Amino acid sequence: MPGYELWSDKERKEVNDVLNTGILMRYGFDGPRKGIWKSKELEEAICQIFGCKYAQLTSSGTSALTTAMSALGIGYGDEIITPTFTFVASFEAILSVGAVPVFVDIDDTLTLNPDAVRKAITPKTKAVMPVHMCGSMADIDALISICRKHNLILLEDACQSIGATYKGKHVGTIGDAGTFSFDFVKTMTCAEGGVVMTNKEDVFVKSDGYTDHGHDHKGADRGADLHPFIGYNYRISELHAAVGLAQIKRLPEFLAIQKKNHAQLKNILTQIPEVKFRRIPDPVGNSCTFLSWFLPTEEITRAVVTEMKTQGILPGNFYWYDNNWHYIRKWDHLKNAVTLNALHPHLKAQVIYHATKDFSASDAIMSRCISTSISLLWSEEQIKEKGEKMVGVIKKVMSEQRAPV
Ligand SMILES: *Cc1c(COP(=O)(O)O)cnc(C)c1O
């Protein structure tokens, strides 16, 4: 998963360019910055590498989602369909624009189940927001056809799947808008940062203004800019963009290592017929940040997790079902709509209603799923050792489970 693992002189050099001029802000100061525009350069690189017309950097992946939703006109009264398995940021952004997160079940792709999406559509549905979790993609064609049929916005939360593709197109560039996160543990990092990608000029122009207090950025003088609408400050700094600029140039290297390590580990686990792997709608497009695998039952999965812990090989293996941040089961703050500021009572009731529905179909999948994060630092020898230990644990547990009590 993480580009931070390969921190190098390349990142230091880009950051030093900014430190040398001392112009840490992305806008203005045209003279003193001496031609150093790291944020602009990174936005251009994003457009070129991922194949979108426009890119707007932001301070985080969360603010990128908020920005995209605002630019797409999503707000009060709107429902956004989104999966039960994601990072909390997805619903945080929905709540931040005053919309209702409508959670629906995932399937064995670990992303939105298209049938569940169809069933959740109401006259208030405004958008479908798939989350391309753990390096791989949702069933995008199925979602596109649903959105077309019902005239819905498709907003891709691609924060975790930088570099993944679907039928030749980069995830995050296929819907009306898409976002990446460049936080510290993502495939490439800015330390903190994010981006809104879109092919629609109006979505970009609105994102550009929204992230900078509504500035229209039309004149040379910031102080004289007009503000056609109310915005916020979700700007990235030049220091953060500089890190990202070094990292994006290294992305092909990161992805190649990830894919190689993923393939080696998967190959080892394939020895065990009871281990099934996540379904990938377009296998060649998998960015391979994680290897996600399923065991036959929750009981076996829990026993494998416990045994991996005992043997000291649990770090890097995620049992999301018990995780506080990525699966709805443990989102008690959301289920109780615990916010610091008051929500409109109607919104609050809807949030609670949608967060506490029956998600047994998701539970049936997540309770049997373990994701192994793929390190860029592993040697072949280490992967072999790790894989064999995992196989040993699974075999041990399976034979104990089979044995009569
Ligand atoms: C990381 C992440 C985000 C938010 O990114 P931040 O940069 O940490 O705010 C949003 N959605 C998903 C699925 C993520 O994994």
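Whatever order the structure lists them in is the order used to number ligands and atoms, beginning at 1. Keep in mind that what you see is a predicted model, and the values were worked out from it rather than measured.
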Query raised in the report: Which atoms of ligand 1 are found less than 4.0 Å from any heavy atom of A89?
Result: 3 (C), 4 (C), 10 (C)
Query raised in the report: Are R222 and D212 within salt-bridge range, i.e. N to O under 4.0 Å?
Result: yes
Query raised in the report: Against heavy atoms of D183, which atoms of ligand 1 measure under 4.0 Å?
Result: 1 (C), 6 (P), 7 (O), 8 (O)
**Report entry** Sub-4.0 Å atoms of ligand 1 with respect to non-hydrogen atoms of C159
**Finding:** 2 (C), 3 (C), 10 (C), 11 (N), 12 (C), 14 (C)
Report task. May I ask you to check whether F229 and Y210 place their ring centers less than 6.0 Å from one another? Result -> no
Query raised in the report: Which of the atoms in ligand 1, numbered in the order shown and given with their element, are less than 4.0 Å from a heavy-atom of T62?
Result: 4 (C), 5 (O), 6 (P), 9 (O)
Report task. Could you label the plane-to-plane angle of the F85 and W320 rings as parallel, tilted or perpendicular, counting under 30° as parallel and over 60° as perpendicular? Result -> tilted
Query raised in the report: Mind checking whether E192 has a heavy atom under 4.0 Å from ligand 1?
Result: no
Query raised in the report: Hey, what's the ring geometry for F87 with W325, parallel, tilted or perpendicular (30° and 60° as the breaks)?
Result: tilted
Query raised in the report: What are the atoms of ligand 1, with element, lying closer than 4.0 Å to any heavy atom of S181?
Result: 1 (C), 5 (O), 6 (P), 7 (O), 8 (O)
Query raised in the report: Is it true that F318 and H326 have ring centroids separated by less than 6.0 Å?
Result: no
Query raised in the report: Using a heavy-atom cut-off of under 4.0 Å, does the side chain or the backbone of S60 touch ligand 1, or both, or neither?
Result: both
Report task. State the atoms of ligand 1, each with its element, that fall below the 4.0 Å cut-off from a heavy-atom position in Q160. Result -> 13 (C), 14 (C), 15 (O)
**Report entry** Geometric N/O contact G61 with ligand 1, under 3.5 angstrom
**Finding:** yes
Query - Any side-chain heavy-atom pair of D139 and Y166 under 4.5 Å - result: yes
Query raised in the report: Using a distance-only test with no angle check, is there a side-chain donor-acceptor pair under 3.5 angstrom linking Q258 and T289?
Result: no
Report task. Just go through K186, H326, E92 and tell me whose heavy atom is the nearest to atom 1 (C) of ligand 1. Result -> K186
Query raised in the report: Short list, please: which atoms of ligand 1 are under 4.0 Å from a heavy atom of V131?
Result: 13 (C)
Requested in this report: Return yes or no for this condition: an N or O of T86 is under 3.5 Å from an N or O of ligand 1.
Outcome: no
Requested in this report: Validate the cation-pi geometry between K53 and F204: distance from NZ or CZ to the six-membered ring centre under 6.0 Å, angle to the ring axis within 45°.
Outcome: no
